[in-house]
Each structure stands twice: as structure tokens, then as C-alpha cells.
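Because only heavy atoms are used, hydrogens play no part in the values below, and waters and symmetry mates are left out as well, while side chains stay in. All figures in this text were calculated on a predicted structure; none of them were measured in a lab. Each chain gets a letter, A, B and so on, in the order the sequences are listed, and its residues count up from 1.
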Protein chains: 2
Amino acid sequence: MKNILLIGAGRSASCLIKYLLDHSTAENWNVTVADVSLELVQQKTNNHPNSRAIAIDINDEMQREQEITRADLVISMLPAFMHMSVATDCVRLKKHLATASYVSKEMAALNDEAKAAGIILMNEIGLDPGVDHASAMKIIDEIHEKGGELTLFKSYCGGLVAPESDTNPWGYKFSWNPRNVILAGQGTAQYIENGKYKYIPYNRLFTQTDMIEMDGNRKYEAYANRDSLSYRHFYNIENIPTMLRGTLRMPGYCKAWNVFVKLGLTDDTYKIEASDTLTYRELMEAFLPQGKQTVKEKLIAFMGAEMDAETLSRIEWLDLFGDRKIRMENASPAQILQDLLEEKWKLEENDKDLIVMQHQFEYMLNGELKKINSSLVVKGEDQTYTAMAKTVGLPLAITAKLILQGKIKARGVTIPTIKEIYEPLLQELETYGVQFIEKHS
Amino acid sequence: MKNILLIGAGRSASCLIKYLLDHSTAENWNVTVADVSLELVQQKTNNHPNSRAIAIDINDEMQREQEITRADLVISMLPAFMHMSVATDCVRLKKHLATASYVSKEMAALNDEAKAAGIILMNEIGLDPGVDHASAMKIIDEIHEKGGELTLFKSYCGGLVAPESDTNPWGYKFSWNPRNVILAGQGTAQYIENGKYKYIPYNRLFTQTDMIEMDGNRKYEAYANRDSLSYRHFYNIENIPTMLRGTLRMPGYCKAWNVFVKLGLTDDTYKIEASDTLTYRELMEAFLPQGKQTVKEKLIAFMGAEMDAETLSRIEWLDLFGDRKIRMENASPAQILQDLLEEKWKLEENDKDLIVMQHQFEYMLNGELKKINSSLVVKGEDQTYTAMAKTVGLPLAITAKLILQGKIKARGVTIPTIKEIYEPLLQELETYGVQFIEKHS
């Protein structure tokens, strides 16, 4: 028997737990699922004979060590900043670890020790980062193998809502951490275009968007991610002249979100005094120049040419000109906005979310310009088995299986840019409907 | 004999040192001036018989303790973040301290200990903060004493350049820390207007300006400072409906500076790779959307209605469309901009700088609305005895004298909002030409 310890049983873990339990008999696994909430774990493991449900306090060193000692492999679904105590224990106790988070500096620093301990610290093995690395690297390696030279790589991803559940004018509902959506893009986006570095500061990030087509003729809007440059190194395309990573939204979303950016409503660096005494209209007013017009009229004047009827209707739909009271006291503008959006953009019980990803490649082969578009569309089943949970959880689960089967030889801090991981991973993902469609031209 | 220890002999200390030495015989002072650079100290003390010039390493605990032990009063002109080791020593060794910096949390925490030690930790006793507190508080107290109720207080200050030295289209030269000018306003400006909080995020701070008139008919432009709200507490006007503090620039400056903000050139949070391989035109290009036009044409299109001929001429005057190479490698956009501006906006040897300050008050007295405008204009003598050095240094020097003469009874952490300080301070400042002109209406 092999023992798997999964820490963290929140929304994104549902497909992961299902996979582990479904394969537990054939693979001879005992699966321990641990979370602060025992109830949540019991609900997700549902008395499966190969499961063990426990409550865990991740700061209890004794319990943590005891549980990791029992395990052959640990999967951490904790928030990224909490991985390190688990990772350090894994190295010391010589246990494999898998997470869906970005490699932090602290994690990277464990590389040599992890190699010496003969274990893998598998990171960035969810959707984005995760499936994006695997699927991009497969094509990049293929192009390189046949002697092609990459001249362009653009990669877009979005966690959206399926057309049949798209019931609000923003085309958006939360399928993951709302806070990340509110604060998305703060800083300066950096990418490279025709050999020249390009920078887009936050104040105009949502006004400089690209349009992407996918999934039949469906159009998506893309804004640039903060960091596109560091990926050149991981993907072995250091000298590529054009490289951009972006986030997808439904058309119109970015123009409307830009209203919040320009007003200052996404700022999380200070608190609004006694915010619970204000209505949302008064909040809007606090960010608008003085004047005798209504708040709506002032907003229209304030946005000038950047305002149109559709954008205005999106703002109105959120009741931002109404008498609704703010519920949070002494909260930042970003927190106040999040509280409202969590209600307005809630994924309802029978709603289906949607994951869309597209990689665009251009390369020169024998003096000819070639193009590849590789697209992924995954629809969720319901509020529990979301496309997000599927595309984050399955890569973790499948890779955990490959590690336990001894099929992955890599040790130390690893991300899925290597063939021995991405090849079997992408193959098995296809059987779950997570399949990229390639168009060559 | 009383011993004064002055730590820090940089540009802002010249008038301070002159005052201390000029008064040393009459007041029976020995003045020790300490700086990292002995040469700088010797140049400024110029072998004055009551002076002692020393080099100091502020991190050398032994030397620091030895020098503070000798002193009756310490003046710290160190950068704000370096005050604390001096302040802690002063409390332990029971020596008075004066600084021109804002009261930090750490400084505030020393209040009880300083009172127990019987010493004053005098802070915010330069120009802004300093003279602004003293001059505003004088009028606020007068209004309160005659039973008036303040309804509006706006306070503006700018460190600019005298009309006869105003030789560039920006109307600006550096008379103090350039870095603070580049990063000015980042965050969100907060103030109150007619009883309602107002917020202006950085992305439009320089587009929402007021116009102020002073010094004959000279006009100045004002943008809001980050924090106007906390001053209500210090000035004992907690319930004032309108309160704003702002920074003054010459008309047109803000509109042109907004180009840098919108482009993203004031960002100090990331480095531009190999920035020393770029020209300033290429830097501009990196922040502008792709296109076949010249950088200048693209900038005009990019700014749209926000660009006019004067604004464009200010940008052009900085050689931002030219082939000039960037000198700094892997520098942030803000650092690159600062390096250029330090050269372009240098205060030349015979240039005179200019300090302008204006307080606007409105109050109700016996059912009548009254107004007071109180304005200060100070012109520098040259590059050494600048108006900035005068208005920062004299309040420190005069207050040090008052403390040593036993005329200030306050102990603990103090700022010049109390009568026993502001009254004699403002009186003596007038004899140096630092005089507010009041207009009542």
C-alpha cells in the first residue's frame, strides 16, 4: 500500500479527491485527506473505504510531522504562503511533494537538499501554472526538434462561465479566489514584442486589450499578465522576439473594469473610514470630482470617451448608483468592491464554469513562416465539479500517480516543462476531456 | 557653556549651521557639527572658534554615545529612517533632540520615556512639516479664541524656483531630494470636502488640480497631498467639513507630469532589463502602443485630449524623443527619469529657489462667514543659502535656542502646534524675512 496525504480540501480539491479515491483500489493507495474542517473532509471523502478523514492544524509541528511520516507522497492545496513548513518536513522526512503553486524563492532554495534526499518537489502542476506549461512545452519541443525557430509565442488563459450560465452583463462569475480577480494586474505588465520590451502600467492595462477567437467563433478579450518575460527562461526560448501571456475575459469586461481602476475602487492599500455608514452611491461619489449633477451623470462626464452605453449598463447592473449600504466597516475600496461582487458574481448551484486557454505560436522552418494555434475549452459539470477544480486537480492527481508509479525520474524542485511529465500527463488529461485542439497553418 | 551636537551637514543644513555659529558667542554655545564627510563639515564651519568639526559613523555605537553624552541638545538632520538610534540614545542619556522629520511610530513610542527623562523630542520643526504647523495653528487658535468655528482649511506649499531663475518650461528645479519629487503622490490622496471624504488615486492626481494666487498675481497649480485627514487631529479641528493639503507647482507642470504617470515612467517597483542599452526615445517607445508612427506622433495619439502644445514642448525640452543614451543599467523607470531630471532641473550656482506657502481659512463668527488667507513667499540667496535651507534650518535652530534657554516647557514627543513654541518661533522667523502676510475678508 502507498499512502497519499492531501492537505486542504477546499473547492479546488473536489476533482482531485475524486480521482485519488477512484484510483485507490487499482493503485493500492490509502488516501488521507486533511483540512482545518473535518466536516468538509468527511463530506468529500464520503466514507470511501480507502480514505481517512482527519482535521489538521498545519502549525502543529508534531501532528504535521506524524502525518507526513506516514505518507509516501504529500499533495499540498494550502495557500501558497503556507507550503514551506510542509516542504521542509518533506525534504527532512524524504517524502515527495506536489503543489499547484508557483515556485517561491524559498521553495527554489530547497532544490539541492531535495535532490540529496532523493525526492521530487513538484510545483506549478495545476492549470495556470501547470497545464499551460505542459501544453506549451510539448509544442515548443516539437518545433525545436524539427529545427524550427520560434518567433512568436502568445498564451492566454481565463476562468470564465459557460455560455448557458452566462446570465449577467459582465460574462463573469467567480470560480476561484475573488480577491485575486479584484487585485489582478496591479503593478506593470511586462512583455516583449518584435525584440523590444513593452510595459503597460496598471492605470491603462484594461484599455490595451487583444481580441482572441476560440471555440467556434466565440470572441474573448485579453489583457496582459504582469510577467511574461521570466517564462522565456523556463520554456528555453530566451531569444524569442515576441512573447506575451494574457488573461481572458468576455468582450466588454475590460472596458467596464477600467472604470473601477480609474475611479480608484481596486485600491487595497488604505481603509475608508466608517465605510459601513456609506451607500455604494456615496462611495462612488467620494471618488468623483465635486459637482451638482447626479453620481451617474458625474461618472459619465468623468469617463468621457471611455464610457459607452454597454459599459454604463454593466456598472448600473451592480447597483452602484443605488442606496444599498456597504456592509464592511473601515474596509479598503478593494474589499468593499469584492464584497459586492461576491454576491453579484456568485456561481450558482447549477451554473457551469468554463476554462479557456489558447497558445499561439509562429516559427520559421526552412525559410517559411508557420503558425500553430492550440486551444483548450473545458466546461464544468456543476458548482462542485467545476472546470477549474478539474483542470487544477487532475494534473496534480495524475502527476502524483506517475510519481508513485516510479515513472518520473526528476528529483528536486521541478515544474512540468519536461517531457517525462508533460507527455503522460497530457495523454491522460485527454481521457478526461481536457484536450487541446491544434490548428496548423 | 552649552554644547550642541548637529548630525548631518548636507545642503539643507547651511542656514542652520550659520545661525548656530552666529549666535554661539552671545548664547555661550559650543557647536559640534558631525557628518560622514569631515571635509563637508570643515567647509561649513570654516574654522569658527566656537565650532568643532568631526566625522561620524552613525552606526558606531561608542562614538555616537560619546558625542551625545557631551551634548546638551542634539539636532539630527539624518534621513528620517536613521533618527531612531540617536533618539534612543538621547532618551537614555537625557538629552534634548530636534528633527525636521515626521513623527514615526517608533518615535511616538518614546513619548513616555522621554517625559520621564525630562527631555523634549522635538519633531516636525522644519518647513513642511514645521512652519506650516506653526503658522496654521496660530490662526486656528486665534479663530477658536474669539469663538469662531472653522468650516474650511486648505494649506498649500511648494519648493519652486524664483521668477528670475525660472529658465525652463517646467518652472521647476530641484532644491531638495529629487527622489521625493519623482515619487510624489503615489498612493491615493485623501481629504474631506463639505463633510464628505474624497479620494483621488495617483492615476489622475495630476489632472485634478486647483489654481492658487499669491505673491502679487502669480498663479500656482496645486495637487492634493496623500494625507490631509490626519491633520484634523493635530490641529484640533476634528469636525471641520473641508480640509485639504496640497503641493504647489507652476501652471502646466501637472499636466505635463501626468504624461509620465500615464506612461508609467514614475514606477519604482521593477527594473528595466539592460536599460543602459536604450535611448530615452526607445524607453518612451517601450511604454507606448505598437505602431508605425514616430514616438512623438504615438505619444500625441496616446495622450489624446490630454496633450496640448505646451505640454508637448515640456516633454520635448527634456530630450525624450532624442538619441540620448540612458546612463543607468537595470534601473527602474523612476530612477531613469530621475537621472535625466537631475541634470535638466539642476539648480545652478546663482539660481535662487523659492518657497511658497498659503493657508486658506473660512470660519463662522456670530453668524457671519469670514475668510483669512495667510501667505508666505521666501526667496533663496544662492545655491547654498537656499530658501529651502533657510525655511527648514531656521525653525530648527531657533527652537533649539528656545529649548536651551529653558523657554519651552513641553517634554516628550512634541510638534510645533503649541503656542509656547509657535509664538516665539514665528516672531523670530519674521526678522529673517520668513513672514506670513494675512488677508482678512
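Note that B:Lys198 lies outside the cation-pi zone of A:Phe287, set by a 6.0 Å cut-off to the ring centre and a 45° limit from the axis.
With a 4.5 Å cut-off on non-hydrogen atoms, A:Gln190 touches chain B through its side chain but not through its backbone. A:Leu278 does not touch chain B: none of its heavy atoms, backbone or side chain, sits under 4.5 Å away. Only the side chain of A:Tyr270 comes within contact range of chain B, judged by heavy atoms closer than 4.5 Å.
Among A:Ala286, A:Pro333, A:Pro289, A:Ala305, the residue making the largest number of heavy-atom pairs under 4.5 Å with chain B is A:Ala286.
With B:Arg249 contributing its side chain and B:Tyr220 its backbone, the two residues share no donor-acceptor pair below 3.5 Å.
With ring centers used as reference points, B:Phe153 lies 6.0 Å or more from B:Tyr363. Aromatic ring centres of B:Tyr202 and B:Trp257: separated by at least 6.0 Å.
Between A:Phe234 and A:Tyr231, the angle of the ring planes goes over 60°, which puts this pair in the perpendicular group of the 30/60° scheme.
Heavy-atom minimum distance, A:Tyr191 versus A:Met243: CB-O, 3.3 Å.
Put simply, the side chain of B:Lys271 reaches to within 4.5 Å of the side chain of B:Gln335, judged on heavy atoms.
Of residues 203-211 of chain A, those residues lying under 4.5 Å from chain B by any heavy-atom pair are A:Asn203, A:Arg204, A:Gln208.
By the 6.0 Å contact criterion, NZ on B:Lys196 is open, its count of non-hydrogen atoms from other residues, nucleotides or ligands being 12 or less.
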